[in-house]
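Have a look at the structure below, then the notes.
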Amino acid sequence: MVFIKKETFLCLLISTTIIADKCPQPCTCFGITVTCTGKGITEVPNDLPKETMNLNLNFNQISHIPKTAFQGLYQLKNLQLSGNQLNENSMENDTLNISTIETLDLSSNLFTLIPRELPPNLLRLTIFYNHITRLKVNDFVNSTSIIYLYVNDNLIAFIEEHTFDPLSSVTEISLSGNRLLDGSISRSIFMKNIKMTHLDISINRLRTLPDMSYFPSSLTFLSILGNNITVIPSNAFKRLTNLTHLLLWEGAYTKLEDNAFNGLDNLYELNIAEDNVSIVTNMTFNGLESLDTLWLSGNHISKIQNGTFSSLKNLRIFWLDFNKLASLEPEVLDTQFLPHLVAVSITGNPWMCDCHLKWLREIMDKGPFKIPDSHLVICDGPAKLAGKAWDDIKPSDFVCK
Ligand SMILES: *[C@@H]1O[C@H](CO)[C@@H](O)[C@H](O)[C@H]1NC(C)=O
Ligand SMILES: *[C@@H]1O[C@H](CO)[C@@H](O)[C@H](O)[C@H]1NC(C)=O
Ligand SMILES: *[C@@H]1O[C@H](CO)[C@@H](O)[C@H](O)[C@H]1NC(C)=O
Ligand SMILES: *[C@@H]1O[C@H](CO)[C@@H](O)[C@H](O)[C@H]1NC(C)=O
Ligand SMILES: *[C@@H]1O[C@H](CO)[C@@H](O)[C@H](O)[C@H]1NC(C)=O
Ligand SMILES: *[C@@H]1O[C@H](CO)[C@@H](O)[C@H](O)[C@H]1NC(C)=O
Ligand SMILES: *[C@@H]1O[C@H](CO)[C@@H](O)[C@H](O)[C@H]1NC(C)=O
Ligand SMILES: *[C@@H]1O[C@H](CO)[C@@H](O)[C@H](O)[C@H]1NC(C)=O
C-alpha cells in the first residue's frame with residue numbers, strides 16, 4: 001500500500017479540485033499552466049484561473065481580443081498567441097497593458113505593424129512569420145525592458161531612424177529573413193543598444209555591407225549570411241572587438257579587401273563558406289589572432305600564396321573543401337605559424353597528385369594535423385591517378401615525370 005501523508009493527500013485533493021473546477025473548456029490546466037493549443041477556439045476563454053502564469057493559446061482562430069481578456073490574471077507571465085488570426089487592430093487599447101507579462105509570442109499571425117501597446121515590462125517579444133513591412137520610430141517607445149526581440153521572417157524593408165533607441169537593455173535582435181535593402185538601415189540604428197550581443201541580419205537583400213562604425217562594440221555574434229553583398233571593405237568590422245562569431249556564408253562575397261577583418265581580435269569563428277571568393281592574400285586575414293575555426297568551403301579559390309594564413313596563430317579547424325585548388329605549397333599550412341592546427345578539410349578540390357603535393361599526402365599519414373575524409377579526397381590528375389581517392393594511393397605515388 002502506498003503511504004501518503006494525510007496533509008499531502010488533502011492538499012493534492014484540494015488543488016486538483018480547484019483547478020479542475022476552474023479549467024475552462026476546451027483547455028487543459030496543470031498547476032499555473034493553461035494550455036489551449038490547437039482547439040479551434042475563436043476567443044480567449046473568459047473563465048481563466050486567476051493564478052494562471054503561462055497561457056498557451058497557440059494555433060487557434062482568435063482574431064479579436066477584448067480589453068478584459070487578461071484582466072485579473074494577476075500573475076500572467078508568459079502569453080503565447082502564435083498561429084492565430086491577429087493583426088494590429090485585433091486588440092482593444094490596453095489589452096496587453098499588463099505589467100506582469102514577460103514573454104509574448106505573436107508569431108505566425110497577420111500583423112503588418114508592431115502592435116501599439118506592448119506589455120510595459122516585456123522581456124521577450126517573438127513576432128516572426130507575420131507581414132510587418134516597416135518598423136516605426138514609436139514601435140518600442142514604451143518597451144524599454146525588452147531583452148530579446150525576434151522580428152525575423154517578416155517583410156520589413158525599412159526601419160525608421162531611432163526605432164531601436166528605447167531598447168537600452170536588448171541583448172538580442174533578429175531581423176533575419178526580411179527585405180532589408182541598402183539604405184534600409186541607418187548607420188546609427190543600433191547605436192543606443194549598448195548591451196546587444198547578438199545581431200542577425202541574415203537572409204535579406206543587402207548588396208553592400210552596412211556601415212558598422214556605430215554598431216555597438218558589445219556585439220559577440222553577428223550574422224550577415226544569405227545576402228547579396230560582394231565586397232568586404234578594409235576595416236569593415238574594426239569597432240567590433242568583442243565579436244566571437246561572424247557568419248558570412250551563402251552570400252555573394254567575392255572580394256575580401258586587404259585587412260577586411262582587422263580589429264576582430266577576439267573572433268573565434270569566421271564562416272565565409274558557399275560564397276564567391278577566388279582571391280585571398282597574405283593581408284586578407286590580418287588581425288584574426290584568436291581565430292579557432294575558419295570556413296572557406298565552397299568558394300572559387302585556386303591559388304593560395306605563402307603567408308596567407310600565417311597570422312592565424314590559434315587556428316585549429318580549417319575548412320578548405322570544395323574550392324578550385326589543384327596544388328598547395330607546404331608553407332601555406334606551415335605549423336610553425338599555425339601551431340594549433342588540428343584538422344584541415346580538403347575534399348572536393350581538383351588535386352593534381354604529383355610530386356609537389358606529396359607533402360600533403362604524407363601529412364595524411366603522419367600529421368602534424370588531420371586531413372579528414374581521406375576517401376573523399378580525389379585526384380583530378382595526372383591521368384594515371386585521376387579519380388583515385390587518397391586512401392587508395394600512397395605518398396610514393398605522387399611523382400613528377
Ligand atoms: C486607442 O489608442 C489610439 C492611440 O493611442 C487612439 O487613437 C484611439 O482613439 C484609442 N481607441 C480607443 C477606442 O480608445
Ligand atoms: C497602462 O496601464 C496603466 C495602469 O495600469 C496606466 O497608468 C498606463 O497609462 C497604461 N499605459 C498605456 C500605454 O495606456
Ligand atoms: C507610451 O506610454 C504613454 C504613457 O503610458 C502613452 O501616453 C503613449 O501613448 C504610449 N506610446 C505608445 C506609442 O504606445
Ligand atoms: C567586451 O567583453 C568584455 C569581456 O567579456 C566585457 O568586459 C566588456 O564589457 C565588453 N565590451 C563591451 C563594449 O560590451
Ligand atoms: C544579386 O546581385 C546581382 C547583381 O549584383 C543580381 O544579378 C542578382 O539577381 C542578385 N541576387 C539576388 C538574390 O538578389
Ligand atoms: C563571382 O565572382 C565573379 C568574379 O570573380 C563575378 O564575375 C561573378 O559575377 C560573381 N558572382 C556572384 C554571384 O556574385
Ligand atoms: C605579401 O605578399 C606580397 C606579394 O604579393 C609580398 O611582397 C609581401 O612581402 C608579403 N607580405 C608578407 C607579410 O608576407
Ligand atoms: C613560398 O615559400 C617557399 C619557401 O619559403 C619558396 O620556395 C616559394 O618560392 C614561395 N612561393 C611563393 C609563391 O612565394
Side-chain angles (χ1 to χ4, degrees), residues 65-76 79 88 91-101 104 114-122 125 136 138-147 166-173 182 190-199 203 205-209 212-222 224-232 237-246 248-257 263-268 272-281 284 290 296 298-303 322-324:
I65 304 181
K67 186 150 92 177
T68 50
F70 308 115
Q71 272 171 17
L73 305 183
Y74 66 97
Q75 55 177 355
L76 182 61
L79 177 57
E88 52 281 4
M91 285 177 262
E92 290 174 15
N93 290 356
D94 261 358
T95 301
L96 292 178
N97 182 9
I98 293 171
S99 60
T100 50
I101 294 182
L104 176 61
I114 297 288
R116 210 168 27 241
E117 285 162 352
L118 291 168
N121 298 313
L122 193 59
L125 176 62
K136 299 166 76 166
N138 282 331
D139 279 351
F140 304 110
V141 75
N142 288 333
S143 313
T144 53
S145 49
I146 289 179
I147 295 177
L167 301 174
S168 52
S169 302
V170 81
T171 63
E172 218 168 306
I173 295 181
D182 298 344
F190 302 115
M191 199 163 83
K192 300 284 171 65
N193 309 121
I194 57 171
K195 297 207 173 137
M196 182 161 61
T197 56
H198 286 59
L199 176 61
I203 318 181
R205 299 182 178 180
L206 304 173
R207 289 178 170 218
T208 58
L209 204 64
M212 288 182 273
S213 44
Y214 294 99
F215 277 31
S217 51
S218 50
L219 279 178
T220 59
F221 173 99
L222 176 60
I224 319 182
L225 67 89
N227 276 282
N228 205 1
I229 301 168
T230 51
V231 180
I232 304 201
F237 307 96
K238 196 163 183 204
R239 243 178 85 80
L240 304 182
T241 51
N242 268 13
L243 210 60
T244 56
H245 292 79
L246 178 57
L248 302 169
W249 45 280
E250 283 194 3
Y253 297 100
T254 298
K255 186 166 171 44
L256 311 176
E257 288 188 358
L264 293 173
D265 299 344
N266 289 299
L267 201 68
Y268 183 86
I272 325 176
E274 311 301 331
D275 281 310
N276 192 30
V277 176
S278 53
I279 296 171
V280 286
T281 77
T284 306
S290 303
L296 287 176
N299 280 285
H300 301 130
I301 300 167
S302 59
K303 265 200 197 128
F322 293 95
N323 275 286
K324 302 273 184 282

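Indexing begins at 1, ligand by ligand and atom by atom, following the structure's order. Positions are given from 1 along the sequence.
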Test item: protein heavy atom less than 4.0 Å from atom 14 (O) of ligand 4:
yes

Mark yes or no for whether Thr197, through its side chain, and Thr220, through its backbone, hold a donor-acceptor pair below 3.5 Å.
no

Per-pair distances, 0.1 Å, donor-acceptor, side chain in residues 65-74, under 3.5 Å, sequence neighbours excluded:
residue: Gln71; atom: NE2; partner: Lys67; partner atom: O; Å: 3.3

Checking Asn299 side chain against Asp275 main chain: does a donor-acceptor pair fall under 3.5 Å?
yes

Any non-hydrogen protein atom below 4.0 Å of atom 5 (O) of ligand 4?
no

Got an N/O contact under 3.5 Å between Asn97 and ligand 2?
yes

Tell me, which protein residue and heavy-atom name are nearest atom 10 (C) of ligand 4, and how many Å apart are they?
Asn242 ND2, 2.4 Å

For Ile279, does the CD1 atom have more than 12 heavy-atom neighbours from other residues, nucleotides or ligands under 6.0 Å away?
no

When you look for heavy atoms under 4.0 Å from ligand 2, do you find them on the side chain of Asn93, its backbone, both, or neither?
neither

So, using ring pair (Phe, Tyr, Trp, His ring centres under 6.0 Å) as the criterion, who are the partners of Phe221 when residues are at least two apart?
His198

At less than 4.0 angstrom from any non-hydrogen atom of Thr254, what atoms of ligand 6 do you find?
1 (C), 2 (O), 5 (O), 14 (O)

Does atom 1 (C) of ligand 4 have a protein heavy-atom neighbour under 4.0 Å away?
yes

Would you confirm whether Asn242, through its side chain, and Ser218, through its main-chain N or O, come within 3.5 Å as a donor-acceptor pair?
no

N/O separation below 3.5 Å, Asn276 to ligand 6
yes

